[in-house]
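Each remark here refers to the structure printed beneath this line.
As the structure is a computational prediction, the values presented were derived from the model and not from experiment.
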Amino acid sequence: MRKITNLRFENAYAELPSEFYQKKDPVPFESPHVVAFNENLADELGIDSGEKQNPLLAEYLCGKKPLAGADPLAMYYAGWQFGVYNPHLGDGRALLLGQIIDERNRRWDLHLKGCGTTRFSRGFDGRATLRSSIREYLGSEALHHLGIPSTRALCVVGSTEKIERETREPAAMMLRVAETHVRFGSFEGFYHRGEPENVRALADYVIARHYPEIPRQAEEGYGLFLSAMAEKTASTIAKWQAFGFTHGVMNTDNMSVTGLTIDYGPYGFLETFDRDHVSNHSDHFGRYSYGNQPAIARWNLEKFTKCLDGLAGEEQAINAIETYNKAFSESYRELMLRKFGFEKEKKESLRFIEKTLGVLAEFKTDYHIFLRNISDVRRDGSFGENPWLLELSETSERWQQWFREYAGELRENSLPDPERKKRMDSVNPRYVLRNHITETAIREALEQGDYSEIEKVRRIFENPFSDQPGCESYAADSPEWAKNLVVSCLS
Ligand code: AMP
Ligand code: MG
């Protein structure tokens, strides 16, 4: 296990032409301290988790002391934001410190967010709030442990520095870990500037590192890349939909070229099943609503395929979009069948799922609590001692009819009750990271300087499918005070 001072950085991205980045050191905090440190991820990366106790850790992780071998750079990118192309983005407040290789020979980007201005800052302060850093720390880890591809979070470093947002708020930095930070927008900038040689260099970089199965020099290599990328994107978006996750800002600069969920701004989870649910309160037209996400991902992919115009043919671009459509539908169907406990892909079962989503929407029933509980419904229509189901069945005749239909469907298409319950409980989380859970951890941090809730929440959400004694309140629906919690997109 390595010390933080002995990470042996490389930086393959720095081998690309200089237009791809600006080399730049972090602007450190005056008096940094560790807010959160994810020992489990440290362990996975081959970093000694005991480093949490290192009194100098915060200084190393905010750039106050140099990390040996790191060669920090701000990556250039552009992007389609709310349907409008913005040529001038790029890491305005984050730096790729470099890449480390873990004991399983996997290469990881270490990316520090909130570490000062860069050439791409556009007049903003280059900082991030403690609030948004905690949200990303908890959100990205929660998604990872649900099995949704995501960037990870190693550490949050706090400071005494205040920054202007809606109010003056403490600044923090977050150390993000991911196989890549290359976004759709990383390609778009070069395409729109008319620099096909840079588009090709980046495509070669991404294919070599993240799509090694694509044969080099193959004539159709770039087309295969488009399709492989479309497939990864489809799989991630299908999981978002099945787990009721809304990203909030699906601009192409927030779309990863390996299908990772990246950029945790005003994200959220559904409570009731509502296709029009919008987690970003600045998204007045609902462009990035829950129900729009699959179509937006396709729109973003279509924009992306344009960038590879000269490298992949038109037919290959069309193929990639068809791959996306097919892979999304298949993955989503498969996940939903598992969540409902159905064994085979049968038309009747799929129709039943669709109908159930309608009933959930009509009765404003909690999506996650419902799915977690229905594993107790038996094929004979009974549901034992489950008080939640009992209450639901008593609310209306419509639900009673639903229970009869579900039992009928289970008799046609499911494993015996105990086996099915086990399988359903492994895909329907008991714990969902609702906004009030992160908000409570944030308030304790901001108001009392108490960070213990942050790590407690992270640990609970490392096992979202297992019942954890004493954690019942984390499995409940939102309390009244949190029903209309507004998540600011100022971060
Ligand atoms: P985001 O909303 O985090 O996806 O950011 C969109 C773009 O704005 C990215 O290019 C960011 O680097 C940049 N950005 C956001 N906040 C700041 C900030 N406080 N200072 C500098 N750049 C920022
Ligand atoms: Mg972003």
Side-chain angles (χ1 to χ4, degrees), residues 35-47 49 52 102 104 106 108-109 111 133-156 174-179 232 235-248 256 258-265 267-271 279 331 334-336 338-339 367-369 371-372 375 422-442 451-476:
V35 170
F37 183 79
N38 183 347
E39 313 96 316
N40 287 344
L41 177 58
D43 223 42
E44 282 182 50
L45 297 173
I47 298 173
S49 55
K52 190 170 191 169
D102 70 14
R104 288 160 61 192
R106 294 173 305 181
W108 297 103
D109 280 6
H111 200 256
S133 306
I134 296 171
R135 275 180 57 82
E136 172 153 0
Y137 183 77
L138 294 176
S140 60
E141 285 300 302
L143 254 71
H144 170 76
H145 290 286
L146 282 170
I148 306 178
S150 175
T151 58
R152 307 282 310 270
L154 182 64
C155 180
V156 177
M174 210 213 59
L175 190 59
R176 185 158 63 189
V177 178
E179 63 197 5
K232 284 198 190 217
S235 164
T236 296
I237 306 290
K239 288 179 178 162
W240 288 4
Q241 298 310 105
F243 286 104
F245 175 78
T246 34
H247 180 282
S256 149
T258 61
L260 299 177
T261 308
I262 185 169
D263 207 311
Y264 287 78
Y267 69 88
F269 283 90
L270 292 182
E271 303 252 343
S279 62
S331 310
E334 192 189 313
L335 278 165
M336 293 308 282
R338 280 172 54 194
K339 283 170 93 66
Y367 178 66
H368 311 282
I369 296 179
L371 286 170
R372 180 72 185 188
S375 62
K422 216 163 131 202
R423 289 180 64 166
M424 287 175 76
D425 287 353
S426 72
V427 284
N428 291 313
R430 173 100 160 99
Y431 303 98
V432 175
L433 191 68
R434 297 168 199 261
N435 275 332
H436 73 95
I437 297 174
T438 25
E439 184 62 23
T440 302
I442 289 167
Y451 302 141
S452 56
E453 182 67 12
I454 303 171
E455 298 295 40
K456 179 174 179 190
V457 171
R458 175 176 60 76
R459 289 201 191 97
I460 293 171
F461 286 85
E462 281 174 355
N463 293 297
F465 301 107
S466 314
D467 283 314
Q468 299 172 50
C471 298
E472 292 72 19
S473 66
Y474 295 87

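Between P429 and F461, the closest side-chain pair of non-hydrogen atoms is not below 4.5 Å. S140 places none of its side-chain heavy atoms less than 4.5 Å from the side chain of H144. The side-chain heavy atoms of T151 and H111, taken from C-beta on, include no pair separated by under 4.5 Å. Side-chain contact between I262 and R176 is present, with heavy atoms from C-beta onward closer than 4.5 Å. Taking the side chain as every heavy atom from C-beta outward, R430 and F465 never approach each other to under 4.5 Å. Residues Q241 and L335 are not in side-chain contact: their nearest non-hydrogen atoms beyond the backbone lie 4.5 Å or more apart. Within the 4.5 Å cutoff, no side-chain heavy atoms of Y267 are placed close to those of L143. Using a 4.5 Å heavy-atom threshold, the side chains of N38 and E462 count as touching.
Between Y451 and V35, the shortest heavy-atom contact is CB-O, 3.5 Å. Contact detail for E44 and R152: the closest heavy-atom pair is OE1-NH1, 3.4 Å. When all heavy atoms are compared, the tightest approach of D425 to S375 is OD1-OG, 2.8 Å. The shortest non-hydrogen separation linking L154 to V177 is CB-CG2, 3.9 Å. Nearest heavy-atom pair, A142 versus L433, reported as atom, atom and distance to 0.1 Å: CB-CD2, 4.0 Å. Across all non-hydrogen atoms, the minimal contact from I454 to I134 is CD1-CD1, 3.7 Å.
In this structure, the side chain of Y367 does not engage the main chain of F243 through any donor-acceptor pair within 3.5 Å. Remark: side-chain polar atoms of N428 are paired, donor with acceptor, to backbone N or O of K339 under 3.5 angstrom. Panel note: side chain T236, backbone G259; a donor-acceptor pair is recorded below 3.5 Å. Distance alone, capped at 3.5 Å, places no donor-acceptor pair between the R423 side chain and the R338 backbone. Between the side chain of S256 and the backbone N or O of T258, at least one donor-acceptor pair lies under 3.5 Å. Between the D102 side chain and the R104 main chain, a donor and an acceptor come within less than 3.5 Å of each other.
Between the side chains of S150 and Y264, a donor-acceptor pair is found at a separation under 3.5 Å. At a cut-off of 3.5 Å, with distance as the only test, no side-chain donor of Q468 or N463 sits close to an acceptor on the other residue.
A salt bridge does not link R135 to E439: none of the charged side-chain nitrogens sits closer than 4.0 Å to a carboxylate oxygen. Using a cutoff of 4.0 Å between basic side-chain nitrogens and carboxylate oxygens, R106 and E179 are not scored as salt-bridged. Salt bridge status for E453 with R458: absent, with no side-chain N to carboxylate O gap under 4.0 Å. Note on K52 versus E455: salt bridge recorded, some NZ/NE/NH1/NH2 to OD/OE distance being below 4.0 Å. A salt bridge links E39 with R459: at least one charged nitrogen is closer than 4.0 Å to a carboxylate oxygen.
Shown here are the ring pair (Phe, Tyr, Trp, His ring centres under 6.0 Å) partners of Y474, two or more places apart in sequence or in another chain: there are none. Scanning for ring pair (Phe, Tyr, Trp, His ring centres under 6.0 Å) contacts around F269 gives F245, with sequence neighbours left out.
A distance of 4.0 Å separates CD1 in I460 from SG in C471, rounded to the nearest 0.5 Å. The CG atom of D263 sits 5.5 Å away from atom NE2 of H247, with the distance rounded to the nearest 0.5 Å.
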Applying side chain to side chain donor-acceptor pair (under 3.5 Å), run through W240 and T261 and close with a yes or a no.
-> CA-CA 9 Å; W240 288 4; T261 308; 3.0 Å; yes
